Amino acid sequence: MWRTFCRFQMCFVLLTALAVLVLLSNIHLVEHLNHGTGLDLRQTERKDDMNSLLLPITKGGYCGYHSHALSKAERLEEDSLLNSVKWPGPPNDKIPFLKSTDAAHSRFVILNSQGLFKVGDIMEVLVRMHDYEGNPKHYGGDYLHARIHSPLLKAGAVGKVVDHQNGFFSVYFTLLWPGRITVSVTLVHPSEGIQVLKRLREEKPDRVYFKSLFRSGNTEETKMCNVCLPSKSSVCNYTDLHTGEPWFCYKPERLSCSNRVNHAKGGYLKNLLTFDEHLFFQSGVNIKVPILASGPDAVTVYHLKIKDKGFLHSTEFTPSGYFYKDHWISGRPYARQFDKPSEITECLQGKVVYLFGDSTIRQWFEYLTNFVPDLKPFDLGSPKNVGPFLSIDMEHNIMLKFRCHGPPIRFSTVSSNELRYVANELDGIVGGQNTVVAITIWSHFSTFPVEVYIRRLRNIRAAVLRLLDRSPETVIVVRSANVQELGPEVSLFNSDWFSLQLDTIMRSMFAGINIQMVDAWEMSLAHYLPHALHPGPIIVENQINAFLSFVCPN
């Protein structure tokens, strides 16, 4: 027995020695490979981690907002926000085109149109929707625009639309000026089209895609990038370290994730709709088509003889302002008109003005730089229409800066080094009574599920609160979204319905915070100019007047 035990012990020692030899051989082999290829695994991990990790493959590809963990408070807020933008739809998703909403068969009527209307009164309009066979609709969900206007006075204001979800809509207008006032009601999208837009938003968040160039020496590769990437290939993860904002690109075959050079819009996916769905998106048929009146479409409004001639508020609906003789009349008592360059210079003297966002706030930079002769653009060598841009008035100590927000951004080529998130930029501002910040962020988020936008605004809001906490006198202004021209293709990517949903969420998330709001939505909807993504100069001028009224209220 003793002899057997010794034999067993000797075998165990020999096996242990053999395992140690194999381990040492493997370590030597790995070190040799690292040395021979010039690749240090630890260095590569440090170099390509954090900003560009390879992610595990998940079902359906990669979507950063899916994996984001929310606190209990964030989850409650998100649920509340999502509930606030719920939109009623058809009873099923198989409604034939002839049963969908037809503006030509629908009508509106001014209630009590023969009555006496005075400035300050509320006027109610009832809209009845019908289908293409002339039958009345019995469910809601159509998207309508409504306004009152007096063309000779260059006056206009928006109305509040209430969907009764039975084929009837009520529109409430506050009558704000005397004279003959005409009512206009427009079908933006039928409910059947809205149902398609909701499907696209959830199922095709990659329908606008982006690209990045990767370069090392003479080797170049271009790869698709997005918040959501559909296939299950390896990706580079460029999630922002500070905000956690997700962004991914497909991994180059020959280059490292750290070799990314730039960011650019790639293009738009085609063939998104079935033949039947295409019928719900026809210019002149069911996209921004006027609904005619059954009876008179105008009323005469008389003067209201009262001592207080200020803005009249109603319990039903009070617009943020209205146009009169091409000037935006706001309900705020300190609203001003800055008609001369010298008035703007006086207002901004000694101030630094930061403009963050998309091309609709870049219009503010362009307007101020062009209108105020003392503001001289400083060439930063930035690509046209992309930025960053800088204008300086040395004599009056004014600095005006524009920077686009971080991805998703559909601008032409932007250096990856210039991709900055608004929240991070806000954290770098000292603030104070001579600091002005203006922000807009909406249009480039229209193709994504709403959760992506909520996350971005939550980060910006947190940074705004930090800035106000350390510098309460900082003036912060948010510019809302605006309506735009729509056609069949644009509707699938930038519909006013998408913008309305985002704008509603933005207003909710910034409510109760010490910031100011320029209501570009009502300005673009109330004015007589055709709708455009980039509103005309007269509308931008009125936006600037509203903005500067917050900066210099006295």
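Computed from a predicted structure; not experimentally measured.
No close placement of the His527 and Trp328 rings is indicated, their centers lying 6.0 Å or farther apart.
With sequence neighbours excluded, the residues forming a side chain to side chain contact (heavy atoms under 4.5 Å, CB included) with Pro383 are Val386, listed by chain and number. Annotation: ring-ring contact (aromatic ring centres under 6.0 Å, His included) contacts of Tyr209 (sequence neighbours excluded): none. Scored by the ring-ring contact (aromatic ring centres under 6.0 Å, His included) test, His444 finds His405, Phe411 as partners (sequence neighbours excluded). The side chain to side chain donor-acceptor pair (under 3.5 Å) check on Tyr528 picks up Asp326, with sequence neighbours excluded. Every residue two or more places apart in sequence or in another chain was checked for a disulfide (SG to SG under 2.5 Å) with Cys404, and none qualifies. Contacts of Asn424 classified as side chain to side chain contact (heavy atoms under 4.5 Å, CB included), with partners at least two apart in sequence or in another chain: Asp240, His242, Thr243, Tyr421.
No side-chain donor from either of His145 and Lys288 sits under 3.5 Å from a side-chain acceptor of the other. Using a 3.5 Å distance cut-off with no hydrogens or angles, the side chains of Asn494 and Arg410 do pair a donor with an acceptor.
Annotation: cation-pi pair Arg403/Tyr354 absent, no NZ/CZ under 6.0 Å from the ring centroid and within 45° of its normal.
In this structure, Arg461 pairs ionically with Glu77, as a charged nitrogen and a carboxylate oxygen lie closer than 4.0 Å. A salt bridge links Arg362 with Glu366: at least one charged nitrogen is closer than 4.0 Å to a carboxylate oxygen. Residues Asp393 and Lys376 are not paired through a salt bridge, judged by the lack of any N-O separation under 4.0 Å between the basic side chain and the carboxylate. Glu343 has no carboxylate O lying under 4.0 Å from a charged side-chain N of Lys340, or vice versa, which leaves the two without a salt bridge.
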Show your working on disulfide bond (SG atoms under 2.5 Å apart) between Cys257 and Cys236 and close with a plain yes or no.
CA-CA 6 Å; Cys257 291; Cys236 295; 1.9 Å; yes
